Amino acid sequence: MIALYVLINTILDLFFWVLILSAVLSWLVTFNVINTRNRAVYVIGDFLYRVTEPVLRPIRNVLPNMGGLDLSPIVVLLGISFVQNLMAQYWPRF
(Lines give C-alpha, C1' and ligand atoms only; values in the text may rest on other atoms or scores of the structure.)
Protein backbone atom coordinates (compact mmCIF):
# COMPACT_ATOMS: atom_id res chain seq x y z
CA MET A 1 0.00 0.00 0.00
CA ILE A 2 2.89 2.36 0.73
CA ALA A 3 4.33 1.66 -2.74
CA LEU A 4 1.08 2.85 -4.34
CA TYR A 5 1.19 6.02 -2.23
CA VAL A 6 4.79 6.71 -3.29
CA LEU A 7 3.95 6.06 -6.96
CA ILE A 8 0.95 8.42 -6.96
CA ASN A 9 2.88 11.08 -5.07
CA THR A 10 5.82 10.83 -7.50
CA ILE A 11 3.53 11.13 -10.53
CA LEU A 12 1.89 14.20 -9.00
CA ASP A 13 5.32 15.71 -8.28
CA LEU A 14 6.45 15.12 -11.87
CA PHE A 15 3.30 16.68 -13.27
CA PHE A 16 3.76 19.64 -10.91
CA TRP A 17 7.20 20.31 -12.42
CA VAL A 18 5.97 19.72 -15.98
CA LEU A 19 3.34 22.41 -15.45
CA ILE A 20 5.94 24.84 -14.15
CA LEU A 21 8.26 24.10 -17.09
CA SER A 22 5.39 24.58 -19.51
CA ALA A 23 4.51 27.97 -18.02
CA VAL A 24 8.13 29.15 -18.04
CA LEU A 25 8.63 27.98 -21.62
CA SER A 26 5.48 29.79 -22.75
CA TRP A 27 6.76 33.01 -21.14
CA LEU A 28 10.16 32.63 -22.78
CA VAL A 29 8.54 32.12 -26.19
CA THR A 30 6.11 35.01 -25.66
CA PHE A 31 8.89 37.45 -24.76
CA ASN A 32 11.10 36.24 -27.64
CA VAL A 33 13.86 34.98 -25.38
CA ILE A 34 13.81 31.66 -27.21
CA ASN A 35 12.40 30.85 -30.61
CA THR A 36 10.23 27.91 -31.64
CA ARG A 37 12.00 27.78 -35.01
CA ASN A 38 14.74 25.98 -33.11
CA ARG A 39 13.88 22.29 -33.48
CA ALA A 40 14.78 21.34 -29.89
CA VAL A 41 12.67 24.15 -28.43
CA TYR A 42 9.77 23.18 -30.68
CA VAL A 43 9.93 19.50 -29.67
CA ILE A 44 10.10 20.33 -25.96
CA GLY A 45 7.27 22.84 -26.27
CA ASP A 46 5.11 20.42 -28.21
CA PHE A 47 5.69 17.68 -25.63
CA LEU A 48 4.84 19.98 -22.73
CA TYR A 49 1.72 21.22 -24.56
CA ARG A 50 0.49 17.71 -25.28
CA VAL A 51 1.03 16.59 -21.67
CA THR A 52 -0.51 19.61 -19.93
CA GLU A 53 -3.28 20.70 -22.29
CA PRO A 54 -5.75 17.85 -21.50
CA VAL A 55 -5.67 18.91 -17.84
CA LEU A 56 -5.65 22.67 -18.40
CA ARG A 57 -8.34 22.91 -21.11
CA PRO A 58 -11.35 21.99 -18.91
CA ILE A 59 -10.19 24.44 -16.24
CA ARG A 60 -9.79 27.22 -18.84
CA ASN A 61 -13.38 26.58 -19.91
CA VAL A 62 -14.62 27.08 -16.33
CA LEU A 63 -12.49 30.09 -15.35
CA PRO A 64 -13.65 33.54 -16.44
CA ASN A 65 -11.69 35.38 -19.13
CA MET A 66 -8.92 37.41 -17.48
CA GLY A 67 -7.67 39.12 -20.63
CA GLY A 68 -4.29 37.65 -21.55
CA LEU A 69 -3.71 36.10 -18.13
CA ASP A 70 -4.07 32.32 -17.88
CA LEU A 71 -4.72 31.21 -14.31
CA SER A 72 -5.42 27.55 -15.10
CA PRO A 73 -1.85 26.35 -14.28
CA ILE A 74 -2.11 27.98 -10.85
CA VAL A 75 -5.43 26.25 -10.21
CA VAL A 76 -3.96 22.87 -11.21
CA LEU A 77 -0.83 23.42 -9.09
CA LEU A 78 -3.01 24.25 -6.07
CA GLY A 79 -5.12 21.17 -6.79
CA ILE A 80 -2.05 18.93 -6.94
CA SER A 81 -0.76 20.37 -3.68
CA PHE A 82 -4.17 19.84 -2.06
CA VAL A 83 -4.36 16.20 -3.21
CA GLN A 84 -0.83 15.49 -1.98
CA ASN A 85 -1.60 16.97 1.43
CA LEU A 86 -4.87 15.05 1.60
CA MET A 87 -3.10 11.81 0.72
CA ALA A 88 -0.42 12.45 3.35
CA GLN A 89 -3.08 12.95 6.02
CA TYR A 90 -5.50 10.13 5.21
CA TRP A 91 -3.48 7.41 3.47
CA PRO A 92 -3.58 4.25 5.61
CA ARG A 93 -0.30 3.49 7.33
CA PHE A 94 0.72 -0.05 8.23
Side-chain angles (χ1 to χ4, degrees):
M1 200 67 161
I2 297 297
L4 183 61
Y5 169 76
V6 170
L7 176 68
I8 293 171
N9 197 33
T10 303
I11 290 170
L12 289 174
D13 276 339
L14 286 173
F15 195 73
F16 185 91
W17 288 108
V18 165
L19 276 170
I20 290 174
L21 286 174
S22 177
V24 169
L25 182 70
S26 73
W27 294 338
L28 292 175
V29 169
T30 300
F31 294 125
N32 286 328
V33 175
I34 58 176
N35 196 339
T36 55
R37 286 181 288 195
N38 182 341
R39 184 73 178 152
V41 172
Y42 177 78
V43 169
I44 292 169
D46 187 50
F47 170 75
L48 293 174
Y49 178 81
R50 288 175 188 239
V51 170
T52 59
E53 191 61 23
V55 175
L56 296 176
R57 187 178 312 119
I59 294 171
R60 283 189 191 122
N61 291 338
V62 173
L63 289 177
N65 188 1
M66 302 288 289
L69 188 61
D70 184 16
L71 298 177
S72 59
I74 296 171
V75 172
V76 173
L77 291 174
L78 289 172
I80 289 172
S81 180
F82 175 74
V83 168
Q84 285 179 323
N85 289 331
L86 200 65
M87 282 176 28
Q89 283 288 326
Y90 295 110
W91 196 270
R93 303 270 195 255
F94 295 112

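No experiment lies behind these values; they were computed from the predicted model shown. Note that these values count all heavy atoms, side chains included, but never hydrogens, waters or copies made by symmetry.
- Within the 4.5 Å cutoff, no side-chain heavy atoms of Val83 are placed close to those of Ile8.
- Residues Leu21 and Ile44 are not in side-chain contact: their nearest non-hydrogen atoms beyond the backbone lie 4.5 Å or more apart.
- For Phe47, the CZ atom counts as loosely surrounded, since its 6.0 Å shell holds 12 or fewer non-hydrogen atoms of other residues, nucleotides or ligands.
- Applying the side chain to side chain donor-acceptor pair (under 3.5 Å) definition to pairs two or more places apart or across chains, those involving residues 11-30 are Asp13-Gln84.
- In this structure, CG in Leu4 is found 11.0 Å from CG in Asn9, a value given to the nearest 0.5 Å.
- Legend: residues meeting salt bridge (Lys or Arg N to Asp or Glu O under 4.0 Å) with Arg37, ordered by chain and number and at least two apart, are absent.
- Rounded to the nearest 0.5 angstrom, Ile74 CD1 and Leu69 CG are separated by 7.0 Å.
- A distance of 13.5 Å separates CG of Leu25 from CD1 of Ile20, quoted to the nearest 0.5 Å.
- The hydrophobic cluster containing Leu63 also contains Leu78, counting ILVMFWY residues as joined when their side-chain heavy atoms lie under 4.5 angstrom apart, directly or transitively.
- A distance of 11.5 Å separates CD1 of Ile11 from CD1 of Ile80, quoted to the nearest 0.5 Å.
- Of the listed residues (Val6, Leu7, Leu12), just one forms a side-chain contact (heavy atoms from CB on, under 4.5 Å) with Thr10, and that residue is Val6.
- In this structure the side chain of Thr52 never reaches within 4.5 angstrom of the side chain of Val76, judged on heavy atoms.
- With rounding to the nearest 0.5 Å, the separation of OG in Ser72 from CE in Met66 is 11.5 Å.
- Looking only at side-chain heavy atoms (C-beta outward), Asp46 and Arg50 come within less than 4.5 Å of each other.
- Cluster partners of Tyr49 are absent, since no Ile, Leu, Val, Met, Phe, Trp or Tyr has side-chain heavy atoms less than 4.5 Å from it.
- There is no path of hydrophobic side-chain contacts, each under 4.5 Å, that joins Val43 to Val24.
- Taken to the nearest 0.5 Å, the CG atom of Leu14 stands 11.5 Å off from the CG atom of Leu19.
- Of the possible donor and acceptor atoms, one in the side chain of Trp91 sits under 3.5 Å from a partner among the backbone N and O of Met1.
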